[in-house]
Each structure stands twice: as structure tokens, then as C-alpha cells.
Novice: 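Got a structure for you, written out below as C-alpha cells; questions coming shortly.
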Amino acid sequence: MASAKNSKLAKSATTEVTERKLATEGTELVIIFRVSPFFRGVLRGSVFPRGIVFMSSQDEQLQQRQSNLAELGNLGIEIYPRRFDRRHTISQLVDAYGLRSHDELEAEKIETVTSGRILTIRSFGKANFLVLSDGRAKVQVYLRQDSLPPLDFQIFKLLDFGDWVGVEGHLFRTKTNEFTIWASRLHFLAKCLLPLPEKWHGLTDVEIRYRQRYLDLSVNPDSRRVFETRSRIVSAIREFMTARGYLEVETPMMQPIAGGAIARPFVTHHNALDMDLYLRVAPELYLKRLTIGGLEKVFEINRNFRNEGISTQHNPEFTMMEFYEAYADYHSLMAMTEEMIGAVARQAIGTDEVTFGDHQISLKAPYRRRSLRHAVAEEASERLGRQVDEKDLRDYWTVVKLARDLALPNYIPPAPGTGGAGRITMDLLERLCEGQLIEPTFVYDFPTEVSPLSKQKPDDPETVERFELYIGGFEVANAFSELNDPAEQRRRFEEQLKERARGDLEAHQMDEDYIRWTRITSERSSTACRRRPARDSASIVSSCC
RNA sequence: GCGCCUGUAGCUCAGUGGUAGAGCAUCCGACUUUUAAUCGGAUGGCCGUUGGUUCAAUUCCAACCAGGCGCACCA
């Protein structure tokens, strides 16, 4: 509350201050200043002590709602009630009785006690309608002055859009056939002090929807469905893995070396140890250590952090599932992955036929399989109208020429010495093919150059046993047979170090500990597969969280 | 990092070289079955910030700030 002293200061500071008095409850007086530009600048510069009340229109709405709350208190009711026992949720009411006819409801006179947030108030003096929502379903409430205790009707008159209330009454249908609760009691549960987004346009600003989830959840039922679907997907993946003997583990998120993926990390600092640590870009190397130690099948569902671009497709902190299995190779992984995705879809949304954008996609196994070089050569041949051979993709200068012929917008191939044929082939996959891989497709056999932790094919050292799964034009999984030759692993890390030295901040760092463990286990074999439930699976069925 | 776009009432948006308008929201009044209820009245704006041109700028120009989109990076 503004003190008299502050008022004086304000007046002497500007000639344009106008005052308006707004009586609130009791004896308090709020002074609202409508201020000149100069005065506002003074406010910002904190010349005045705190306590000056500057009111915008939104503040006035807050004031109004606070005043209504105070009035409710004056009625002698508890304005922050502790408990409300419902007989039904609104969803339960709608599910159980929402299709009953007018006559059925009249005959049954079903009594209910329920609660929800007020979405609309339509007032006709002595007859009034509320629409309440529990976030999933809505129901209309009919409040007649002569059907309610006088106190409850007074409560009604102090309600605002967004408040939470409890209602007792029986179910019926109005003249216009709307499923409605005829209220015999109205209970105040909680005040909404700030106005919710307006009802007609609703909350459509994507920016606000993501930054203020509570608002989105309050007014957009689809927002809740995304959360529910995501939760079911994660549960289904967990059940699928556990049922097959995989052990769920959690490995370090703060790592001295951010390894396991080609990505730029976030840096943080541990005070007691006085050392910088990286937020992990992948759990890979730690999961692999567990496999090496003898846990033959492990998985982890958790966050990873990548210090890169942000968009609807890229979240700096995203969830992914990663699993490792001894004695298996990447062919076993393809079979398991296609089985898992179909099973998870059936369990989470009840079908493995999904609509994604303009496409109908079947998630039922088996999925299409294409080697990477085959996929690129095929697409390039089609675009250029001439035969491109897979072996053209193994020579730097040939593939550079190919990339130039394709005239890809904004694409500059890496200069000699900063990336070879393998790197460019990967780029071509992403730019030529990725968006067209709508039907679930395994793209397999990757260039060794871009896969520092994968095992080479027995007859082809330029190629590793690795695949990526694409669905709906997005990469949803990446997997490979693990490299377990310590000498070769050291050579690969050294290659990565050279790339770092050339300025590639994403190239892998040397991880001596990892090599040491590889030595211990050089007679074993393991396999990694990754997929990302948070973004990709959710995006198959709806959108991301 | 580069390019494009936007900034006017709480929200969604009109508009003009002579300091502003609508609908919704809010407040007051009427109304005992409404569906964005309706009707009558009222409140609410440094027209993003700073500077320039001008007798006069919310409007024209410039810079800046904030936000968005696209590209690049990336999953």
C-alpha cells in the first residue's frame, strides 16, 4: 500500500500523476497512479522506495478478483478449503451418464458431488450456468436461485472465470438437450487470481503454450492427452524391456568426458572437487561398462543434454532410451526394434496404424531395410537422371562432384582433410533421403568415418555394422555392433582427436578408461541400440513434450 | 551467426501526418433452461524504446530493444 509520503513524492516528481481511489475490503486504501513517462522512468530507476502501487489493467483485474476473494471470506466460508470429497470426477460423470436420454435421467435422478475449474459463466439473474472442467471432460452446471441455499447463491455471485468449485446436485438435460448438473449446493474451492486466456480465441500462442504449461493444461484438453500418451509410451517401453530380461539402470549424468555421441555438451562445475564436468550427451559409455562387467542386458530411460540448436525438433534436454545386449549383433537389434515399436504403439494407443501429418503409417513389423549407400545412390540416380553407383560414394572427389551435381541448397561439402567420402555420404542421406523415409525403414551399414564406436564389417573396413531407423521422415533409432578391439578403438579416438584439432567441437575426446575396459573384455561382443521415447515416439502419435 | 517478419486496450486485431477504434474480457444495471447468451451503461492506451524530419509523429526515416519464422548447427 502506498504511504502518504510516497504519494507526496510522486506528486512532486511529475505534474501528470492522477490519483484514483479504489476501496477494497476493510479500511485499506489502494492508490492507483496513472503516471507520466518520466515518472515511470523514475520507478524503474528505483528513486522511490518500494510500496508505490502501479496498476495496469491486468492489475485491476487481479484487484477485482482479490476483492471477490475477500468478500467470500466475509461470508464466513473457508477461502482456502482443505478437502473436498467428490463422488464422481467430471470425466466419470460424462463417461458413465453422458449419453443418457432426458427421460432416463429424469427417472433415475442420479445424485452427484463433483468439482472442476470454471470455464464459462452464463448469468441470467436468477438462473445461471457454469461450465466446469476437470482438464479432460466438461460438464454444465445449472444454478437457480430458488434451488440453492442463499449463502451458496451469494458465493456464486463472487465467482470468476477460472475459479475452482465443488457442486452437489442431480443430473438432467436442459431444453436444448445439454447434459447438466442441477445444483443443490455450491462449494467454493479455490480462487483464480489472474484471468485465464479468453474463451473465444483460447490459448493458441504456441510460445505461451510451451512456456506456461499450466495455462495450456487448464484450457486445452489435448495438452493433457499428450502427457498421458507419453507416459503410456514410456511405461510400455519399460515393460517391454523388463519382460525380456533387460535390467533398468541409471548412469552418471555429470561426466568428466562427454562421450558416446557426436554432439556439443553443456559444462558445469563441481565445487568440492573443483573440477568442470560435462552434462552427458549420451549414457553410452557407462552402459557399455556395465555390459563389460557382466550385466548382459541393460537399459536406461533418461535425459541427455546437447548444447545445440533449439526448435520444435530439438530440445536441449531430451529423454532417450538406450540399451545394450551381449552376444547379439545389429541384425538381432533390428528384429527387436521393429517388434518393440509395434508392441509399444499397440499398448500405448491401442493400434499400430498411426496417422502422422498427412501420412498413414503402419508400425507393424517387418520394416523395410536399405543399405545406406544403396539408399543414397538410388535417390541420387533418380534426381540426376543417370546411374549413380554405390562405389561412387567411397571416393572423396567423386562424392564431392556428386554433391555439387545435386545442387543441394546451402550445402558445402567438407574440404579435403576435414571430412571424407563417408561424412559427405551421411550428409547426402540426411538431405536427400531422410524426409522421404515415411514408411518405417532401417538404413544400415554406415561409413566407419562417422561411427567411431562401431564394429567394422568383416570384409569391409570402410563400413561398420550400424543402422538407423526412420519413421515419418525422422530418425527414431540408431544402433550398432560394438567395437571391442582396443587397438582399433584407440585408432578411432585418435582420428576423432585430429578432427577436434581441426576445429570440430563435436568430435569425440580420447577416453582412456573406456579403452582400458575394452581391453578387459576384448573377447566379448556387445551391441547398442538407442531410441528416443520423449520426442520421437510421442511425435508418432501426437506431438512432443 | 545470416536473412525475413512483427510490436496499437488484459486478449484477438482494425486504423490515421493533426496524440485512436472494434469484438471479447473487466465493472454497474436488466433477465429463472443458456450454448461465444442478449440488451443498456462504464472503466481501460507514453500506438515497443530512443533519436531525427515536420508547425505537428502512433503514422515518415534511422538506430536500438523484445518476440517470431527461415537458414546454418543438430536428434
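Everything quoted here is computed from the prediction, not taken from an experiment.
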Novice: Using the ring pair (Phe, Tyr, Trp, His ring centres under 6.0 Å) rule, pick out the option among A:Y367, A:F442, A:Y444 that qualifies with A:F467.
Specialist: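 Running ring pair (Phe, Tyr, Trp, His ring centres under 6.0 Å) over A:Y367, A:F442, A:Y444 with A:F467 returns exactly one hit, A:F442.
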Novice: Do A:Y324 and A:E322 get their side chains close enough for a donor-acceptor pair, meaning under 3.5 Å?
Specialist: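 Yes, A:E322 and A:Y324 have a side-chain donor paired with an acceptor closer than 3.5 Å.
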Novice: When you get a sec, tell me which of B:U34, B:C73, B:C27 is the closest nucleotide to the side chain of A:R122?
Specialist: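 In terms of side-chain proximity for A:R122, the closest of B:U34, B:C73, B:C27 is B:U34.
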Novice: Need the pair for B:C71. Rule: Watson-Crick or G-U wobble, both distances under 3.5 Å, any strand; none if unpaired.
Specialist: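 For B:C71, the partner nucleotide comes out as B:G1, under the 3.5 Å rule.
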Novice: So which nucleotide from B:C31, B:U33, B:A75 ends up closest to the side chain of A:K175?
Specialist: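 Shortest atom-to-atom distance from the side chain points to B:U33.
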Novice: Which part of the nucleic acid does A:N128 contact within heavy-atom distance under 4.0 Å: base, sugar-phosphate only, or nothing?
Specialist: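 It contacts nothing in the nucleic acid.
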Novice: Is the shortest side-chain N to carboxylate O distance from A:R303 to A:E317 below 4.0 Å?
Specialist: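 So A:R303 pairs with A:E317 through a salt bridge.
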Novice: What about A:E178: does its side chain form a donor-acceptor pair under 3.5 Å with the base of B:U33?
Specialist: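 Answer is no: no donor-acceptor pair is held.
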Novice: What is the nucleic acid contact for A:F172, judged by heavy atoms within less than 4.0 Å: base, sugar-phosphate only, or nothing?
Specialist: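 Base contact - A:F172 has a heavy atom under 4.0 Å of at least one base atom.
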Novice: Of all the nucleotides listed (B:U32, B:U33, B:A75), which has the minimum atom distance to the side chain of A:R144?
Specialist: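 Closest of the options to the side chain of A:R144: B:U32.
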Novice: Strictly below 4.0 Å, N to O, side chains only: are A:R492 and A:E495 in salt-bridge contact?
Specialist: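 No, A:R492 and A:E495 are not salt-bridged.
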Novice: Rounded to whole angstrom units, what separation is found between the CG atom of A:D427 and the C1' atom of B:C73?
Specialist: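 Rounding to the nearest Å, CG of A:D427 and C1' of B:C73 are 12 Å apart.
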Novice: In the strands shown, is B:U26 matched to any nucleotide by a Watson-Crick or G-U wobble pair with both distances under 3.5 Å, and which?
Specialist: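 Across all strands, the one nucleotide that pairs with B:U26 is B:A42.
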Novice: The side chain of A:N68 lies closest to which of these nucleotides: B:U32, B:U34, B:C27?
Specialist: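 Shortest atom-to-atom distance from the side chain points to B:C27.
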Novice: Under 30°, 30 to 60°, or over 60°: which ring-plane class applies to A:Y142 and A:F172, parallel, tilted or perpendicular?
Specialist: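 Rings of A:Y142 and A:F172: tilted, as their planes differ by 30° to 60°.
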Novice: Where the side chain of A:F318 is defined as all heavy atoms beyond and including C-beta, which of B:A75, B:C27, B:U34 is the nearest nucleotide?
Specialist: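 Given the options B:A75, B:C27, B:U34, the side chain of A:F318 is closest to B:A75.
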Novice: Find the distance A:E434:CD to B:A75:P and express it as a whole number of Å.
Specialist: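 After rounding, the gap between these two atoms is 9 Å.
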Novice: Return the value, rounded to whole Å, for the distance between atom CD1 of A:I118 and atom P of B:U26.
Specialist: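 A:I118 atom CD1 is separated from B:U26 atom P by 12 Å.
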Novice: Look through every strand shown and name the nucleotide pairing with B:C60 as Watson-Crick or G-U wobble, where both distances are under 3.5 Å.
Specialist: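 Its partner is B:G52 (Watson-Crick or G-U wobble, both distances under 3.5 Å).
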Novice: Who is the Watson-Crick or G-U wobble partner of B:U33, with both distances under 3.5 Å?
Specialist: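 Matched B:U33 with nothing under the 3.5 Å cut-off.
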Novice: Can you tell me the Watson-Crick or wobble partner of B:C13, both distances under 3.5 angstrom?
Specialist: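 When the pairing criteria are applied, B:G21 turns out to be the nucleotide that pairs with B:C13.
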Novice: Scan A:S123 against the nucleic acid and name what it touches under 4.0 Å (heavy atoms): base, sugar-phosphate only, or nothing.
Specialist: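 A:S123: base contact, heavy atoms under 4.0 Å.
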Novice: Any idea which of B:U26, B:U32, B:U33 is nearest the A:Q64 side chain?
Specialist: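 Minimum distance to the A:Q64 side chain belongs to B:U26.
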Novice: If I take atom CG in residue A:L148 and atom P in nucleotide B:U32, what distance separates them, rounded to the nearest angstrom?
Specialist: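 After rounding, the gap between these two atoms is 15 Å.
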Novice: Please report, rounded to the nearest Å, how far the P atom of B:A75 is from the CG atom of A:N307.
Specialist: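 About 14 Å, once rounded to whole Å.
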Novice: Checking side-chain contact (heavy atoms from CB on, under 4.5 Å) for the pair A:F188/A:L69: CA distance, chi angles, key distance, verdict?
Specialist: CA-CA 10 Å; A:F188 176 76; A:L69 183 61; 3.9 Å; yes
Novice: Can A:F124 be called stacked on B:C31 when the rule is centres closer than 5.5 Å and an angle between planes below 30°?
Specialist: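 A:F124 ring does not meet the centre or angle cut-off for B:C31; no stack.
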Novice: Answer yes or no: does a side-chain N or O of A:R431 lie under 4.0 Å from OP1 or OP2 of B:A72?
Specialist: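 Yes, because at least one side-chain N or O of A:R431 sits under 4.0 Å from OP1 or OP2 of B:A72.
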Novice: Checking base pairs now: Watson-Crick or wobble, both atom distances under 3.5 Å. What partners B:G7?
Specialist: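 The base-pairing partner of B:G7, which may sit in any strand shown, is B:C65.
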Novice: Quick check for you: among B:U34, B:U32, B:C27, whose closest atom lies nearest to any side-chain atom of A:Y142?
Specialist: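 Ranking B:U34, B:U32, B:C27 by closest atom to the A:Y142 side chain puts B:U32 first.
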Novice: Can you check the A:M321 CE to B:A75 C1' distance for me, whole Å?
Specialist: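 In whole Å, B:A75 C1' and A:M321 CE are 16 Å from each other.
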